[in-house]
Amino acid sequence: MPVPLNAWCGIMRLTLQYAACFVAFLSAGFLIVATWTDCWMENADDSLEVSTKCRGLWWECVTNVFDGIRTCDEYDSIYAEHSVKLVATRTLMILADILAGFGFIILLLGLDCVTLLTNDSSIKLKICFVSGITMVIGGVPGIIGSVWYALDVYVERTNLLYSVFLGIQYKFGWSCWLGMAGSLGGFVCGGVLICCHYFFEENGYGRGISYASRKIYTHNGDSVNKFYSPSKTETAKMYAVDTRV
């Protein structure tokens, strides 16, 4: 017996929801880790260097390549004067962390398997839509901060190559890459959720059907429909009673 179209759409909807939830979790995690780690820029590979230097948004660390001893120095107070690149990247990344975190929490509440707020699938579609919008908005400051920081590091390194003064050449490190990856993940997750909302809402697949009432399971584990339709005999008896009256 062929599977109805509505059932296929339900399976696709659940699959996309769980995939978007996984991407949202990774996106929020990458953004938070990138914000609070210390390798946004690191010194370029040089065989003459005896230590590796990494700079983050909040502190700078130096690791000795021979004994592995690592020392970190925090920057001055947030009220002290800092470069525009540092202050702007801090602000943008913190904003991206907050929005991505809220987007992930909202998405959890919109999953069909979570019945904390409601069971109505149409309301859950709207919750996922709000989560998608939040993830997309959160990806904007994240990608701006990460790309701006990376471009600034690249420009500084390029200018140092053509300068007569010697100095440490830096390249952007793995924290900056994590910020970019987390931001792009937010865009992907938000796009999927927004497209799912318009597709399932306009076509009406699963509208008004709660997750708990879609299927029931027998003792053998086989799923059967919960909907009840009277038999022809019962319908005939009802018609006969109405006719007698």
Side-chain angles (χ1 to χ4, degrees), residues 23-65 68-104 132-191:
V23 175
F25 174 76
L26 291 181
S27 175
F30 284 175
L31 288 172
I32 294 174
V33 171
T35 304
W36 302 102
T37 47
D38 56 9
C39 201
W40 277 75
M41 56 188 298
E42 59 182 346
N43 60 317
D45 187 19
D46 192 346
S47 59
L48 299 178
E49 292 286 343
V50 296
S51 61
T52 58
K53 303 178 180 64
C54 285
R55 288 184 179 180
L57 301 180
W58 311 97
W59 53 80
E60 178 179 355
C61 295
V62 179
T63 305
N64 192 292
V65 295
I69 297 178
R70 181 183 179 87
T71 58
C72 297
D73 296 326
E74 293 186 1
Y75 297 147
D76 295 333
S77 170
I78 59 175
Y79 299 104
E81 293 186 1
H82 297 287
S83 62
V84 177
K85 174 187 68 176
L86 185 62
V87 175
T89 306
R90 283 178 177 179
T91 305
L92 292 171
M93 293 305 298
I94 291 176
L95 181 60
D97 294 346
I98 295 174
L99 291 173
F102 274 116
F104 175 67
I133 294 294
T134 307
M135 293 299 297
V136 171
I137 296 176
V140 173
I143 198 67
I144 291 176
S146 302
V147 173
W148 183 10
Y149 195 97
L151 289 177
D152 192 79
V153 172
Y154 176 78
V155 171
E156 288 183 1
R157 182 182 179 184
T158 304
N159 293 335
L160 189 62
L161 291 176
Y162 297 98
S163 176
V164 295
F165 301 100
L166 297 178
I168 301 177
Q169 298 181 9
Y170 286 94
K171 60 183 180 181
F172 42 93
W174 58 268
S175 297
C176 189
W177 285 110
L178 276 184
M180 296 181 190
S183 302
L184 293 177
F187 288 136
V188 173
C189 174

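Position 1 is the first residue of the sequence, and the numbers go up from there.
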Would you give the length of the straight line joining atom CD1 of Ile144 to atom OG of Ser183, rounded to the nearest 0.5 angstrom?
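Nearest 0.5 Å value for the CD1-OG distance: 9.5 Å.
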Between the CG atom in Leu31 and the CG atom in Leu26, the distance rounded to the nearest 0.5 Å is 11.0 Å
Phe172 and Trp177 aromatic centres sub-6.0 Å
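Under 6.0 Å, so yes.
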Sub-4.5 Å side-chain heavy-atom contact between [X] and [Y]:
X      : Y      : value
Pro141 : Met93  : no
Thr71  : Glu60  : no
Phe187 : Val136 : yes
Ile69  : Thr63  : no
Lys53  : Glu42  : no

Partners of [X] by side chain to side chain contact (heavy atoms under 4.5 Å, CB included), sequence neighbours excluded?
X      : result
Leu86  : Leu57, Tyr75, His82, Ser83, Arg90
Leu178 : Phe30, Val33, Ala34, Trp174
Ile98  : Ile94, Phe102

Partners meeting salt bridge (Lys or Arg N to Asp or Glu O under 4.0 Å) with Asp97 (sequence neighbours left out):
none
If only atom types and distance count, is the side chain of Ser175 paired as donor or acceptor with the main-chain N or O of Cys39 below 3.5 Å?
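Yes, Ser175 side chain to Cys39 backbone: donor-acceptor pair under 3.5 Å.
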Donor-acceptor contact below 3.5 Å, side chain Trp58 vs main chain Thr35
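Yes, Trp58 side chain to Thr35 backbone: donor-acceptor pair under 3.5 Å.
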Run the side-chain hydrogen bond (donor to acceptor under 3.5 Å, both in side chains) test against Thr89 and tell me which residues pass, sequence neighbours left out.
none
Shortest non-hydrogen contact between [X] and [Y], atoms and distance:
X      : Y      : answer
Val23  : Cys189 : CG1-CB, 4.0 Å
Ala150 : Cys176 : CB-SG, 3.8 Å
Met135 : Ala100 : SD-O, 3.7 Å

Just do the side-chain contact (heavy atoms from CB on, under 4.5 Å) check on Ser146 and Trp40 with the steps written out, would you?
CA-CA 9 Å; Ser146 302; Trp40 277 75; 4.0 Å; yes
NZ or CZ of Lys85 within 45° of Tyr149 ring axis and under 6.0 Å
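Yes; both conditions hold, so Lys85 lies above the ring face of Tyr149.
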So, using disulfide (SG to SG under 2.5 Å) as the criterion, who are the partners of Cys61 when residues are at least two apart?
Cys72
Would you please test Trp148 and Val84 for side-chain contact (heavy atoms from CB on, under 4.5 Å) and show each step?
CA-CA 11 Å; Trp148 183 10; Val84 177; 4.0 Å; yes
Step-by-step salt bridge (charged side-chain N to carboxylate O under 4.0 Å, His left out) determination, Asp73 to Arg55
CA-CA 10 Å; Asp73 296 326; Arg55 288 184 179 180; over 6 Å; no
Aromatic plane relationship, Phe25 with Phe104 - under 30° parallel, 30 to 60° tilted, over 60° perpendicular
tilted
